[in-house]
Amino acid sequence: MAEEQDKFCEYLSGVNPVWCPGCGYYGILSALVEAFAELRLPTEQLALVSGIGCSSRLPYFVKAYGFHSIHGRALPIAQGVKTANPELTVVAVGGDGDGLAIGGGHFPHVARNNVDMTYIMFNNAIYGMTKGQFSPTTELFASTKTSPFGLTGEALNPCALAIVYGASFVARGFSVKKEHLKDLIEQAIRHPGFSFVEILTSCSSFNTLDMNVARILHAMDYVPDGHDVSDPIAALKLAGHDEKIHLGVLRKSPRPTLQEKFTEIQEKARRGKSATVASLARQFA
Amino acid sequence: MAEEQDKFCEYLSGVNPVWCPGCGYYGILSALVEAFAELRLPTEQLALVSGIGCSSRLPYFVKAYGFHSIHGRALPIAQGVKTANPELTVVAVGGDGDGLAIGGGHFPHVARNNVDMTYIMFNNAIYGMTKGQFSPTTELFASTKTSPFGLTGEALNPCALAIVYGASFVARGFSVKKEHLKDLIEQAIRHPGFSFVEILTSCSSFNTLDMNVARILHAMDYVPDGHDVSDPIAALKLAGHDEKIHLGVLRKSPRPTLQEKFTEIQEKARRGKSATVASLARQFA
Amino acid sequence: MHDFTLRVAGESGEGVITIAETIARIAAREGLQLVTFRTFPAEIKGGACMMQVRLSDRKISYHGEKVDCLVVLNQFALEDNVADLNPNGVLLCEAECDAPEGTFAVHKIPFERIAVREIGSRISKNIVVLGVLAHLLGIPRKSVEDFLAEKFAKKSKAILDHNMLALGKGIHFAEEHVAKREGFGFPKGSHQRQLLMTGNEAIALGAAGAGLQCFFGYPITPASEIMEWLAAHLPKLGGKVMQTEDEISAICAVAGASWAGAKAMTSTSGPGVSLMSEALGLLSMAEIPAVIVDSQRGGPSTGLPTKTEQSDLLLALYGSHGDAPRVVLAPTSVADCLTLIGRAFYLSETYQMPVIVLVDQALSARVETVDPALLDHLPQAARLKAENGDGGFARYRLNGSISPTALPGVPGCEHMVTGMEHDEFGNFACDDATHTAMTVKRFQKLAEIGTDPKMRDSCLAFGDEKAEIGIVTWGSTAGPVEEAVRIAAETGFSVRALVPRLLNPLPHAELERFFRQVKRVIVPELNFTGQLASVLRSVYRVPTIGLAKVKGVPMDPSEIVAKIAEAAAGLASTRSAEHGRRAG
Amino acid sequence: MHDFTLRVAGESGEGVITIAETIARIAAREGLQLVTFRTFPAEIKGGACMMQVRLSDRKISYHGEKVDCLVVLNQFALEDNVADLNPNGVLLCEAECDAPEGTFAVHKIPFERIAVREIGSRISKNIVVLGVLAHLLGIPRKSVEDFLAEKFAKKSKAILDHNMLALGKGIHFAEEHVAKREGFGFPKGSHQRQLLMTGNEAIALGAAGAGLQCFFGYPITPASEIMEWLAAHLPKLGGKVMQTEDEISAICAVAGASWAGAKAMTSTSGPGVSLMSEALGLLSMAEIPAVIVDSQRGGPSTGLPTKTEQSDLLLALYGSHGDAPRVVLAPTSVADCLTLIGRAFYLSETYQMPVIVLVDQALSARVETVDPALLDHLPQAARLKAENGDGGFARYRLNGSISPTALPGVPGCEHMVTGMEHDEFGNFACDDATHTAMTVKRFQKLAEIGTDPKMRDSCLAFGDEKAEIGIVTWGSTAGPVEEAVRIAAETGFSVRALVPRLLNPLPHAELERFFRQVKRVIVPELNFTGQLASVLRSVYRVPTIGLAKVKGVPMDPSEIVAKIAEAAAGLASTRSAEHGRRAG
Ligand SMILES: Cc1ncc(C[n+]2csc(CCOP(=O)(O)OP(=O)(O)O)c2C)c(N)n1
Ligand SMILES: Cc1ncc(C[n+]2csc(CCOP(=O)(O)OP(=O)(O)O)c2C)c(N)n1
Ligand code: SF4
Ligand code: SF4
Ligand SMILES: [Mg+2]
Ligand SMILES: [Mg+2]
């Protein structure tokens with residue numbers, strides 16, 4: 001126990017989280033570092049990349065190489081990190097606004113390129129950092145600061161998006177179900193290729209309705225045992241919220257990672273011969 | 001016949017298309033103006049918005065109010081147009097690169113907000129304008145100018161995306177099947193809410209493989225009669241290319257449009273009372 | 001007393017802002033002029049915060065450097081703020097605090113104990129403070145009671161009673177323990193009720209008043225409140241407000257809405273303007289009106305989101321590829337926010353181009369009095385429009401810089417607008433002659449704005465018209481500069497300050513006249529590279545004395561006064577050297 | 001003849017470029033120096049096009065204003081181009097053309113008929129033209145044959161034979177009908193094989209040579225070829241090239257890859273740079289090396305994608321919110337593209353900041369000779385790195401401007417990089433002192449680059465060192481300026497030109513010395529607002545004589561010579577006025 005605690009602490013930077021009391025993110029942070037500890041990942045091999053938002057502050061609190069970047073750009077940055085150094089364990093974290101609003105254009109492409117990394121989206125259905133405007137996943141809490149008379153759009157479903165984008169691992173967790181969440185994160189990191197984990201979590205300051213703990217505890221269910229993760233249509237069905245909100249691994253579709261593709265490309269390009277800059281210059285002679 | 005021809009010409013601006021000989025876009029242009037003619041839309045009520053690409057040149061060739069904008073931004077601009085003047089028939093056109101690569105972040109949001117407009121994507125699976133780099137839908141023609149040794153990513157499926165984004169009308173046409181296409185465009189324009197039409201079309205200069213006419217004629221099939229357009233899962237199944245490439249209307253999910261939401265919001269805000277700037281200022285007294 | 005400055009400081013959540021704002025609201029009702037200042041904790045929740053309120057019976061433009069009365073709710077707040085208390089001021093502190101020695105009067109007051117013991121709720125503390133202040137500053141009890149009654153009108157009677165009780169306890173305690181001072185406290189008001197609002201509220205209200213129809217935006221500190229106010233109120237006037245998925249979408253939707261005929265606007269901060277760079281160029285090229293508000297914060301990048309800075313000027317001027325003209329305005333006060341947002345709509349609609357309004361965090365957030373009459377002067381601009389046509393509409397007619405537009409829907413005027421270079425009809429054209437003619441047309445607008453009679457008042461000026469020491473500044477730094485000029489005059493330095501509120505095109509006539517007259521030019525601004533100074537040097541080739549700081553809060557008048565003294569010394573020594581040479 | 005200029009013009013798709021490029025390749029093999037120029041039709045396919053090749057036995061920097069030999073394949077091409085033919089030049093035109101009267105020699109040649117009738121394929125026309133040119137310009141038949149043999153080495157023997165036949169027919173026809181002229185044609189080469197490449201190829205090759213590991217980009221005219229060349233070749237060296245979904249993704253992936261330790265780069269044109277504005281600020285703030293190439297095209301907005309312009313300078317300098325320093329380099333020739341891309345990696349890696357390299361469509365696309373030895377001089381820069389640590393790594397150590405970094409993977413140096421203002425450890429800090437100290441640190445780098453010994457050669461200079469008329473220009477306009485200075489000297493005007501290749505920080509020592517010496521400063525540049533001129537005025541407060549044009553093609557030396565003459569006249573009249581005054 002004490003040893004577990006120690007292992008856990010090894011992954012904390014010592015910087016105290018700035019989150020509000022009661023914020024669901026505390027639970028996520030601890031599930032995350034426990035997963036790191038379980039996987040015995042060397043801290044120096046861990047690259048945590050985030051955008052901007054309360055959730056994106058997470059890297060400061062973890063002992064790892066951390067990149068707190070700009071709003072919505074965690075994914076392309078993470079893709080660059082992994083491309084440059086495939087040895088690293090790359091994890092991108094961020095909010096629903098960061099990932100589905102301003103950063104929503106990058107998600108399909110990093111997924112379809114199967115960058116071998118894990119993307120963890122903290123879905124609190126609100127913009128926490130900017131104090132309570134609706135996000136693309138806001139559904140129940142209709143009268144946010146920028147929608148005082150109701151929302152205009154239907155909410156997006158992050159897991160359904162990830163599936164259609166071709167993410168090769170898609171799972172949904174809940175900040176309150178810490179053990180389950182830890183396990184999902186471990187699986188996601190272990191999975192070779194692009195892994196997506198949506199975490200339902202409540203913003204205690206600005207939206208306690210959408211991801212209300214009691215409500216979700218009531219509405220949730222685990223992915224049924226017989227679910228075929230290789231079937232995208234089955235995964236899409238489970239991803240929907242219609243009856244129950246399903247927690248667990250929804251989809252797996254293993255295929256070559258971006259890194260493997262790069263290796264293949266380099267081999268094809270070389271055709272067994274080695275090249276130098278001087279040899280390349282010869283085409284201009 | 002001559003009268004039909006006249007009607008058709010009424011919708012042409014007189015500017016000659018700059019497309020390559022053999023480009024599939026000629027067929028699309030004629031299906032489009034025939035649909036306009038069929039619908040008897042007054043030219044001055046037509047607002048055509050486009051981004052950048054060969055396909056985005058279309059508005060120049062049509063008699064209408066046209067906005068040739070910047071790469072990837074046709075949708076948010078069109079949303080602005082419709083918001084300002086709900087009377088207009090707003091049609092956005094553009095390429096697969098314009099809409100799914102640089103502009104891919106806007107698509108989910110205009111769809112989920114159900115802006116009452118029609119978005120027509122010319123899917124030639126290539127960047128035509130910039131002379132032959134792969135696009136997010138390139139699949140078969142692997143060795144494009146920027147992927148000489150093969151592609152790294154899986155192709156995206158525009159109709160599947162539109163369905164998950166909550167587009168309230170989703171259809172797929174083929175530039176060669178002009179009558180069918182014309183009919184789809186008509187339906188899309190008539191549909192209240194956000195309508196999406198993907199058009200398969202070949203780039204005669206830079207990609208004749210992915211949308212090869214003979215190949216598609218062989219692989220295509222029409223949406224079967226019994227298909228339930230109100231079922232998103234059924235729509236997603238048909239949207240896939242696994243066995244056949246299905247042409248026709250895949251999905252319809254009528255719901256209040258953005259304009260209707262705005263009206264509702266204004267009513268709620270007013271609570272039956274009328275306001276003036278002076279009355280609003282009183283809160284600061 | 002003509003002028004009185006109060007500061008309240010404590011922990012975020014303790015009611016600091018409520019106390020200061022209540023005092024401010026009551027003062028505004030009495031017809032006093034007000035400028036306030038507050039800090040924002042960088043923490044997501046909690047953290048130190050303070051609010052300062054300066055009241056005067058005359059027009060003021062700065063929140064005051066020293067305070068006459070300081071209220072602190074804890075020891076940290078005391079230590080952080082006591083240095084700013086006037087030697088003959090009054091310190092009100094929570095009873096447990098360790099007050100330092102000083103010439104000021106100190107009153108330790110058990111605010112919290114009174115609240116907890118006598119009223120039974122810790123959150124009543126702020127009303128107790130209010131009671132003490134009412135007594136000390138000589139605010140009529142009735143004014144405070146009326147205000148509270150209005151404020152809690154929609155709450156239960158019990159809540160109101162509760163607050164009235166707290167107020168009474170505060171007043172009562174003060175009457176017993178706090179000696180009132182002659183001439184200390186509220187100046188006499190004009191009794192002409194002033195509006196009291198933040199810069200962001202002034203922008204939102206002014207935009208509504210100028211006819212804004214469609215607003216698109218994306219939340220960002222410190223601009224979000226503009227969108228939030230509009231979301232709550234514009235629909236009442238039939239307007240539409242929409243939060244988009246990002247700033248690119250917002251500016252593009254503005255472009256679309258504006259093309260379709262609506263007065264359209266967005267508001268953001270630096271990161272958003274950076275993202276809008278490409279679309280801003282489209283607006284210049286396609287000649288589409290648009291109003292963009294940038295509430296600047298500490299940069300670069302995500303920077304210091306809750307701190308103020310004036311470091312987006314060069315971005316506003318030049319932040320697009322190609323030669324892309326845009327108008328830049330910079331309000332100097334909250335009232336000016338209201339006025340200039342109106343002007344922004346006038347200029348964008350008239351000249352068919354993007355107009356960027358630069359404010360900053362401090363101005364966006366500070367509460368100030370605004371004369372309600374300003375609302376009546378907001379322009380109701382209209383675009384030059386063709387009402388019908390018969391085909392072949394020349395949207396970009398080369399006949400002067402402003403071509404009539406036709407809104408979608410007008411029969412016979414169907415036409416193209418485009419971000420590509422184009423001929424008069426909007427068709428792509430890339431020959432030398434067309435590109436040159438169209439570029440000239442687009443830039444000609446700036447020249448015309450420079451001589452637009454409606455823009456004659458583009459500069460503020462303070463100080464001695466004959467002074468040899470000059471100051472040019474912009475935006476919210478105008479306040480500290482005005483104060484500095486006043487202080488300098490008292491100390492015997494004669495200074496003239498000029499504040500262009502139109503930064504592109506610059507008001508050449510005024511600036512040239514100014515530069516002909518002054519011998520030294522100090523340019524105070526809240527950025528590192530001296531952005532306005534660099535533009536002035538480029539355009540007028542005047543030497544400038546930079547006073548460029550990135551400190552996160554408004555400049556102190558004393559920093560400016562010090563620079564004035566330096567410049568004066570420099571001038572004197574040059575003069576005596578010259579004199580020496582002439583004598584020698 | 002030391003110098004010879006050939007132009008080929010016709011319809012896109014007719015082989016115009018092949019003809020001119022073949023001549024160019026053969027000349028480069030002979031060791032001649034070459035500068036070329038070509039236009040790009042704005043149409044998606046087809047449209048008028050031309051390519052010009054200037055050959056010399058000395059270093060040249062401009063493609064030539066007048067041509068010695070003009071080959072036109074149709075009447076339109078003839079009419080568009082004949083005005084540029086030297087009075088004693090030679091016109092080769094398709095037989096049906098209507099050649100105008102002139103002092104030049106005219107040869108009507110049935111290129112197409114020969115191709116169709118005698119070789120049996122219209123597309124052989126270009127080889128027939130080549131044959132005629134080989135004869136007229138005195139190119140050894142063997143050189144042409146060798147070249148063709150190599151070019152078609154991988155094709156079937158039949159194809160090669162076909163082409164050899166066409167070549168023979170061309171030469172044969174010319175021998176019978178086209179009189180050779182003494183001293184007309186190819187100058188004598190040095191026989192030191194030169195590389196022949198475009199500016200875009202030089203950038204790509206130079207980047208590979210400087211150690212580029214990861215490239216991310218998005219296609220855009222006129223920069224796409226950089227990415228395309230790299231996609232085809234960098235993987236051979238173990239590098240990775242990826243087309244991203246947009247420019248924002250590209251620059252962000254560059255940021256990520258660079259942070260992880262790779263030399264990383266992107267290339268784009270103006271619209272892409274506008275979109276990258278926000279992320280560029282992140283690179284400045286987080287102190288991450290990155291190389292960004294901007295091949296400028298006509299603006300603003302989508303503008304004139306196939307035309308050249310130098311109108312992104314101010315964007316490159318100032319295009320981010322906040323005070324965000326970046327380095328800006330501007331190569332002046334194709335060879336310089338190769339050299340300066342190497343320098344860009346050196347500066348970005350050494351100073352840990354973004355470096356923008358500004359080229360333009362004309363330079364990107366033009367083919368020029370490059371000395372192969374330049375490849376050996378490309379720097380192999382390395383970042384200052386900590387190799388291990390024991391926790392608490394101070395990524396932003398305030399000890400000089402360059403703090404050692406640690407790459408992810410190094411044990412014990414785990415740390416944060418961030419776009420927020422931060423303390424030495426990368427933790428968010430928003431106090432005045434930290435923000436000021438870190439801003440100073442970030443800008444200090446620019447000062448240090450200014451005195452970096454590796455950057456001593458930051459300026460090119462031509463002309464008379466004692467001249468009173470000065471020219472400052474940048475980028476590809478250096479070529480026309482060098483030519484203009486030479487022409488002006490011949491006409492009796494003494495002129496000195498200075499071309500900073502480093503535009504931020506400016507090479508102050510050289511510029512200041514220059515401004516002390518010259519009495520007039522002309523600033524030719526291809527934009528409307530005079531962007532470099534405005535910077536020079538701001539920094540040095542010198543009066544400038546603008547020569548700012550947006551014409552879509554490189555400036556003509558004659559335009560510059562005219563301005564020189566004007567300036568000289570102005571100078572003379574001032575002088576005589578002064579003289580008069582002194583005499584009076
Ligand atoms: C370009 C840009 N636009 C806007 C912002 C302001 N901003 C900061 S965080 C945020 C949204 C936060 O919401 P989310 O991503 O859901 O994260 P959370 O705070 O809820 O964890 C916004 C809009 C910014 N920093 N940069
Ligand atoms: C910001 C920006 N980036 C890149 C470009 C260059 N560009 C023009 S069109 C285009 C893609 C065209 O492909 P697609 O959208 O599929 O249209 P198509 O030409 O195939 O019809 C690109 C990358 C641009 N104009 N602007
Ligand atoms: S604002 Fe919401 S999301 Fe942010 S820290 Fe507070 S509770 Fe958590
Ligand atoms: S490049 Fe392709 S898409 Fe563009 S016009 Fe030509 S054939 Fe059509
Ligand atoms: Mg959120
Ligand atoms: Mg395409």
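All values below come from the heavy atoms of this structure, side chains included, with hydrogens, waters and symmetry mates left out. Each chain gets a letter, A, B and so on, in the order the sequences are listed, and its residues count up from 1.
- With a 4.5 angstrom heavy-atom cutoff, B:Phe262 touches chain C only via side-chain atoms.
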Trace of the side-chain contact (heavy atoms from CB on, under 4.5 Å) decision for B:Phe284 with C:Leu196: CA-CA 5 Å; B:Phe284 301 109; C:Leu196 194 66; 5.6 Å; no

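- Most heavy-atom pairs under 4.5 Å with chain B, from the set C:Gly209, C:Cys413, C:Ala264: that is C:Cys413.
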Donor-acceptor pairs under 3.5 Å, chain B to chain C, main chain and side chains both?
unit_1: B:Thr43; atom_1: OG1; unit_2: C:Glu414; atom_2: OE2; d: 2.5
unit_1: B:Glu44; atom_1: N; unit_2: C:Glu414; atom_2: OE2; d: 3.2
unit_1: B:Glu44; atom_1: O; unit_2: C:Gly409; atom_2: N; d: 2.8
unit_1: B:Tyr60; atom_1: OH; unit_2: C:Thr418; atom_2: OG1; d: 2.9
unit_1: B:Tyr65; atom_1: OH; unit_2: C:Leu407; atom_2: O; d: 3.4
unit_1: B:Tyr65; atom_1: OH; unit_2: C:Val410; atom_2: O; d: 2.7
unit_1: B:Tyr65; atom_1: OH; unit_2: C:Cys413; atom_2: O; d: 3.4
unit_1: B:Gly66; atom_1: N; unit_2: C:His415; atom_2: O; d: 2.9
unit_1: B:Gly66; atom_1: O; unit_2: C:Val417; atom_2: N; d: 2.9
unit_1: B:His68; atom_1: N; unit_2: C:Val417; atom_2: O; d: 2.9
unit_1: B:His68; atom_1: O; unit_2: C:Gly419; atom_2: N; d: 3.1
unit_1: B:His68; atom_1: ND1; unit_2: C:Thr418; atom_2: OG1; d: 3.4
unit_1: B:Thr83; atom_1: O; unit_2: C:Lys240; atom_2: NZ; d: 2.8
unit_1: B:His106; atom_1: ND1; unit_2: C:Glu245; atom_2: OE2; d: 2.8
unit_1: B:Gln259; atom_1: OE1; unit_2: C:Lys240; atom_2: NZ; d: 3.1
unit_1: B:Gln266; atom_1: NE2; unit_2: C:Gly238; atom_2: O; d: 2.9
unit_1: B:Gln266; atom_1: NE2; unit_2: C:Gly239; atom_2: O; d: 3.1
unit_1: B:Arg270; atom_1: NE; unit_2: C:Lys236; atom_2: O; d: 3.0
unit_1: B:Gln283; atom_1: OE1; unit_2: C:Trp229; atom_2: NE1; d: 3.2
unit_1: B:Gln283; atom_1: OE1; unit_2: C:His233; atom_2: NE2; d: 3.4
unit_1: B:Phe284; atom_1: O; unit_2: C:Leu196; atom_2: N; d: 2.8

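- C:Ala231 pairs by the side-chain contact (heavy atoms from CB on, under 4.5 Å) definition with A:Pro148, C:Val241, not counting sequence neighbours.
- Neither the backbone nor the side chain of C:Val254 comes within contact range of chain B; no heavy atom of the residue lies under 4.5 Å from a heavy atom of that chain.
- Counting heavy-atom pairs under 4.5 Å between each of C:Cys214, C:Pro411, C:Ala208, C:Ala262 and chain B puts C:Pro411 at the top.
- Residues forming a side-chain hydrogen bond (donor to acceptor under 3.5 Å, both in side chains) with B:Asn124 (at least two apart in sequence, or on another chain): B:Tyr25.
- Nearest heavy atom pair, residue B:Ala269 against residue C:Pro235, reads CB-CB, 3.8 Å.
- Within the 4.5 angstrom heavy-atom criterion, no atom of B:Ala78 approaches chain C.
- Residue C:Ala250: no heavy atom, backbone or side chain, is found under 4.5 Å from chain B.
- For B:Leu75, no part lies near chain C; criterion is any non-hydrogen pair under 4.5 Å.
- Only the side chain of C:Ile288 comes within contact range of chain B, with at least one heavy atom under 4.5 Å from a heavy atom of that chain.
- The side-chain contact (heavy atoms from CB on, under 4.5 Å) search around C:Ala365 returns C:Phe40, C:Gln361, not counting sequence neighbours.
- Considering all non-hydrogen atoms of both residues, C:Leu237 and B:Ala275 come closest at CD2-O, 3.4 Å.
- Considering all non-hydrogen atoms of both residues, C:Gly256 and B:Val81 come closest at O-CG2, 3.4 Å.
- The candidate with the highest count of non-hydrogen atom pairs below 4.5 Å against chain C, out of B:Ile265, B:Val49, B:Ile77, B:Val277, is B:Ile77.
- For chain B, the nearby parts of C:Ala406 are the backbone and the side chain; heavy atoms of each come within less than 4.5 Å.
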Under the side-chain contact (heavy atoms from CB on, under 4.5 Å) criterion, do C:Met416 and B:Leu48 qualify, and how do the steps go? CA-CA 9 Å; C:Met416 286 296 300; B:Leu48 293 188; over 6 Å; no

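- The distance from the CD1 atom of B:Ile102 to the CD1 atom of C:Ile248 is 8.0 Å, given to the nearest 0.5 Å.
- For B:Ala281 against C:Leu195, the heavy-atom pair with the smallest separation is O-CD2, 3.8 Å.
- For chain B, the nearby part of C:Met242 is the side chain; its heavy atoms alone come within less than 4.5 Å.
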